[in-house]
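Below: the structure, in structure tokens.
Naming convention: chains lettered A, B, ... in sequence-line order (proteins, then strands); numbering from 1 in each chain.
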Amino acid sequence: MAFLDLSDVRKNYGPNTVVHKFDLDVERGEFVSFLGPSGCGKTTTLRMVAGFEVPTAGAIRIDGRDITRLRPNQRNVGMVFQSYALFPNMTVADNVAFGLKIANKPSSEIKARVEEMLNIIKLPHLGGRYPYQLSGGQQQRVALARALAIKPQVLLLDEPLSALDAKIRVSLREEIRSLQRSLGITTIYVTHDQEEALSMSDRIVVMNEGRVEQIGTPFEIYNHPRTRFVASFVGTLNILKGKVVDPAAGKIVIDGQELFASKRIAHLQAGEACSAALRPEAASLHQSELQEAAKIASAFGRESGPRNRMVGTIEEVSFLGSVVRIRVRFKENAVSLDTFNNPNTTPPARGMQVTVSFAREDLLVLEGAEG
Amino acid sequence: MKQQKIGSWIAIIIGTLYFVVPLIGTFEFSLRMRRGEYSFDAYRVVFADPRFQATFGYSTLMALLTIAVGVLIVVPTSYWIQLRLPKLRPLVEFITLMPLVIPAIVIVFGYLRLYNTSSILPLTGSAHSTDLLLVFSYVALALPYMYRAVDTGMRAIDVRVLTEAAENLGARWPTILFRVILPNVRAAILSGAFLTFATVIGEFTMASLLNRPAFGPYLQLIGANRAYEPAALAVIAFLVTWACMGLINVVGHGKQIKAAP
Ligand SMILES: Nc1ncnc2c1ncn2[C@@H]1O[C@H](COP(=O)(O)OP(=O)(O)OP(=O)(O)O)[C@@H](O)[C@H]1O
Ligand SMILES: [Mg+2]
């Protein structure tokens, strides 16, 4: 049985259901992120685990113990807040010691533990400072130390880095992750930043409008998004709208051009509208059909399977440094693709007729064809 | 630009004169008890008057009790509104402003009707129970100031998140209230307390109509019968009020504990 287990958890506020049927098993020591747009219910779900909200239905268990209805102060779950929530009237050391004092630990033990925690967060000399004398990044590290000092069974973080500037965000997220690994603490991390979720997590729960869209490793979420929402929210996927021609063969038509999708469309009907996803780095660009051998670029060496081809016109060329992003328009649809910058070749010009090619398995037909 | 500056200086000067001239006049008059020269005789007489000592002491005691009761009522109320019932805030604000709108004399006549000796709760029956009634009426009177001050303090810290952080670390209600919330709104409570003190110390209507030996009625009595002493008393009362205001500033800015930036 999983260490942290949410089964069929729901939350209503009056007539509004903000979390629908949430099921999740988290293994001991696992780092799981909740990823989703604002208002999708990430915080609400996390707060139910912390005990600040009571689920309308369902059960939450930690290590087999049902905690659904326990008060927050009986749960032994550590929480880190977006706004740090350090006690302004206490020093850093007193903040870290707070939970230990509540637990009536002997003062020698408290002292040792506080010292240990301050060392772990690399602020050993700042124990005597007040929170307002620290930078945002330091405050958040103290908040982390305070949450971990009581040796919680589960650590919860609600967008802990979103109030910090970009550089500190990146370094602190690495720090949090390595700390989490070395302590082996089961962790749920809420974020709406896909880069954060992809780089830190063992698994990601992608949420939308109170529902779980997909649960998977960062690799699975990024490369095999199951729904249109996941595809558009994670990464810079191209979404193409088309129609199913032959479900058995995986044949679809997009803007009048016939293409083959990677398997998995047998559940659709011929003639049904569908949408398909294509990652920018999966497509390559050819000046014309004849010059096909002279690929301008392809982000990864691709295996030579049968490839899809689409003819279109270059609509936009943006130079992003090491990468040049090119948008090719067909009719209704357009595809953005990334090519590496090559100092010896000028990028193609707008208005040029080109062919875009990509492997069949890179064209993913998505669930939820609407829209 | 320059003209504007001159204009605002003129406004400030006129404003200052408006407040300061009567004060200086009063002060100057209070020094003229001895014929032909300035002296502090009036003050000496006032301070030597046992009624001054008694009434000032009584009013100080009433003020302290008022502060204690007020804090006990206002702090938990404001905390709870901030935490759980933000929808009630406008209503509570309206209620706390009532004493500013309803004249004290109306309130006190209400009390006299409600709590007279032939009522169910005859608070005006004995001196002690009348004192109690007086404290409660002062609490009502000072409510606008106390509530405003505390509420502002509560809003300056994120009460909700701090409560949750403490709860998450295993704390129970008393610990949260006394070790986390109170220390962070101490400055606000003190400023509410000083405002209460300044309000209560010279209050006349309620004390007089409830017939209690307070400082306000004493001021009035002296004012009606003497020449120089009332001026001295006015200056003293002014200084007391002023000291309270000064203390608010000291407490507010001195060892101020800032919330997250
Ligand atoms: N106390 C409440 N009463 C009523 N509705 C609420 C309450 N708390 C949250 N909601 C609603 O529940 C939904 C989910 O909120 P939640 O805070 O969980 O979103 P979130 O995913 O954390 O978003 P964000 O990224 O903006 O923090 C929102 O539509 C919100 O308006
Ligand atoms: Mg949130």
Measuring only between side-chain heavy atoms, which start at C-beta, is B:Leu162 closer than 4.5 Å to A:Pro88? yes
Roughly how far apart are B:Arg172 CZ and A:Gln74 CD, rounded to 0.5 Å? 6.0 Å
pair B:Arg179-A:Phe87: side-chain heavy atoms closer than 4.5 Å: no
B:Trp242 CH2: over 12 foreign heavy atoms closer than 6.0 Å: no
Show your working on side chain to side chain contact (heavy atoms under 4.5 Å, CB included) between B:Val161 and A:Tyr84 and close with a plain yes or no. CA-CA 9 Å; B:Val161 171; A:Tyr84 322 137; over 6 Å; no
Would a 4.5 Å heavy-atom cut-off, applied to side chains only, mark A:Ile102 and B:Thr175 as touching? yes
Should we say atom NE2 of A:His192 is surrounded by more than 12 heavy atoms from elsewhere, each under 6.0 Å from it? no
Which atom pair, heavy atoms only, marks the closest approach of A:Ala85 to B:Ala165? O-CB, 3.8 Å
Structural part of A:Ala103 lying under 4.5 Å from a heavy atom of chain B: neither
What heavy-atom pair brings B:Glu164 and A:Phe52 nearest, and what distance separates the two atoms? O-CZ, 3.3 Å
Of the backbone (N, CA, C, O) and the side chain (C-beta and beyond), which part of A:Arg71 lies under 4.5 Å from a heavy atom of chain B, both, or neither? side chain
Expected output: side-chain B:Asn168 to main-chain A:Val77 donor-acceptor under 3.5 Å: yes
Under 3.5 Å donor-acceptor, B:Asn184 side chain and A:Asn89 backbone: yes
At a heavy-atom distance under 4.5 Å, which candidate from A:Ala147, A:Pro72, A:Gly51, A:Gly99 has the highest pair count against chain B? A:Pro72
Relative to chain B, which segment of A:Leu100 carries a heavy atom at a distance below 4.5 Å: side chain, backbone, both, or neither? neither
